[in-house]
Amino acid sequence: MPALYATAREDGVITVVDLSGRIALGEGSALLRKTIRDLLDRGRNKIILNLGDVTYIDSSGIGEMVSGFTAVRNRQGELKLLHLTKKVHDLLQITKLFTVFDVYSDEGTAVRSFQ
Amino acid sequence: MAPETKHLEVTLETHVESVNLAEEMCLRVAEAAGFSEDECYRIGMSVREGVINAFHYGNQEKPDKKIHLGIDLTTDKMVIHVTDEGKGFLLSDVPDPLAEENLLSTSGRGIFLMRTFMDEFNVVPGRTGGAEIIMSKKLPFPGEPPSNGNNGATKSGSPHQEV
């Protein structure tokens, strides 16, 4: 099963993390945790997770996203989600996390939402 | 067990990789049984969550303990059993992950996902003393004999594999 890949892009004070693959128990969840922690350690606390190429998230992955959301908020920042696939959208909806995360379908709108 | 039932049983190590292995095995059986892509996704996710539960909560990630996965394919449904070697638990003790106070919890959604994605779901005391998760999904074409495709399933009574 494919692993998770993460690439960070900076747009001013905002960091967009392009994720592809599976956010699941094991390497996927661990990489997401490390990526967010490294950004926070560098003072980057305005983060957009681009999930457009994320094919799968399990409960461990959901937990890691929630953990990241809380960690960023504790550093006075915001973590937002971009480009959800239908499966990820449905998963966030049934777990009621749609009411927790700010979710966008357009990157420009997501970037402007921080201002 | 009905004579038409195909049964597959494997013993898995308490290891992260067992989660992927269990998911892949059940997906092969589900695909061969004719489930749609969406239903396979739900079955795969449920098996994954059941084995994560056994790995993390039941066996507490102790490598000397095993996870037992059983798949029964009857003429009308696919039944999955995941048994750990922990102390067992009561479903009534599991917090509701949709409750406002639990929404930001970083864990506790696995049971909810299994309940949501499968037709039947229950937790009973397992023969190992731990918890046994039993969940099932109705076959898309009930009454037809299960496929003889290359799904790894064997006739009832065959020896189980140790992985």
Side-chain angles (χ1 to χ4, degrees), chain A residues 1-4 21-37 40 49 54-75 77-81 84-103, chain B residues 12-28 36-59 61 67 82 94-118 133:
Chain A
M1 294 191 182
L4 182 73
R22 293 164 60 98
I23 309 177
L25 180 74
E27 289 177 19
S29 288
L31 177 62
L32 178 58
R33 186 183 324 139
K34 181 179 185 308
T35 301
I36 293 174
R37 193 170 53 205
L40 290 176
L49 296 183
V54 169
T55 55
Y56 192 95
I57 300 182
D58 66 8
S59 67
S60 173
I62 295 173
E64 210 51 63
M65 283 171 51
V66 172
S67 173
F69 175 86
T70 306
V72 171
R73 200 170 61 173
N74 289 343
R75 300 275 190 106
E78 285 183 273
L79 182 144
K80 306 188 180 203
L81 305 182
L84 306 190
T85 62
K86 184 179 181 306
K87 281 192 174 106
V88 174
H89 176 281
D90 291 350
L91 204 53
L92 291 187
Q93 201 150 47
I94 62 172
T95 52
K96 282 195 174 177
L97 289 172
F98 228 86
T99 61
V100 171
F101 289 102
D102 264 355
V103 179
Chain B
L12 301 161
E13 299 293 335
T14 298
H15 189 274
V16 172
E17 196 47 46
S18 294
V19 177
N20 292 331
L21 188 57
E23 180 187 3
E24 284 177 13
M25 288 173 62
C26 288
L27 280 177
R28 286 188 188 185
S36 67
E37 188 181 338
D38 280 351
E39 290 289 47
C40 283
Y41 162 75
R42 294 185 185 104
I43 292 167
M45 172 78 83
S46 299
V47 171
R48 191 173 179 84
E49 297 300 339
V51 178
I52 288 175
N53 191 80
F55 163 77
H56 185 67
Y57 296 103
N59 291 353
E61 304 188 17
I67 300 166
V82 181
V94 179
D96 175 9
L98 302 188
E100 194 69 30
E101 66 271 21
N102 296 328
L103 278 185
L104 287 181
S105 172
T106 57
S107 61
R109 294 179 180 86
I111 297 285
F112 169 77
L113 291 176
M114 287 183 268
R115 271 182 154 155
T116 302
F117 286 157
M118 300 298 279
I133 289 172

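In what follows, every chain begins at residue 1, and chains take the letters A, B, ... in the order their sequences are listed. Owing to the predicted nature of the structure, the values given are computational and were not obtained by experimental measurement.
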(request) Would you mind telling me which of B:Leu103, B:Thr116, B:Val19 has the largest number of heavy-atom pairs within less than 4.5 Å of chain A? (result)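 Ranked by contacts with chain A, first place is B:Leu103.
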
(message) Quick check on the interface: out of A:Val100, A:Thr70, A:Thr99, A:Thr95, who has the most heavy-atom pairs with chain B under 4.5 Å?
(response)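 It is A:Thr95.
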
(message) Whether the side chain of B:Arg48 engages the backbone of A:Asp58 through a donor-acceptor N/O pair (distance < 3.5 Å, no angle test) should be reported.
(response)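 Between the backbone of A:Asp58 and the side chain of B:Arg48 there is no qualifying donor-acceptor contact (under 3.5 Å).
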
(request) Please answer whether the main-chain N or O of B:Glu13 pairs with a side-chain N or O of B:Ser18 as donor and acceptor at a distance below 3.5 Å. (result)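 A pair under 3.5 Å: yes.
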
(message) Counting neighbours of CD on B:Glu101 that are heavy atoms of other residues, nucleotides or ligands and sit closer than 6.0 Å, is the number greater than 12?
(response)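 Yes, enclosed.
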
(message) Please determine whether the number of non-hydrogen atoms from other residues, nucleotides or ligands lying under 6.0 Å from atom CD of A:Glu27 exceeds 12.
(response)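 For A:Glu27, atom CD is not crowded (no more than 12 foreign heavy atoms under 6.0 Å).
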
(request) Side chain from CB out, backbone as N, CA, C, O: work out which of these in B:Leu113 comes under 4.5 Å of a heavy atom of chain A, or both, or neither. (result)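 For B:Leu113, the contact with chain A is made by the side chain alone.
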
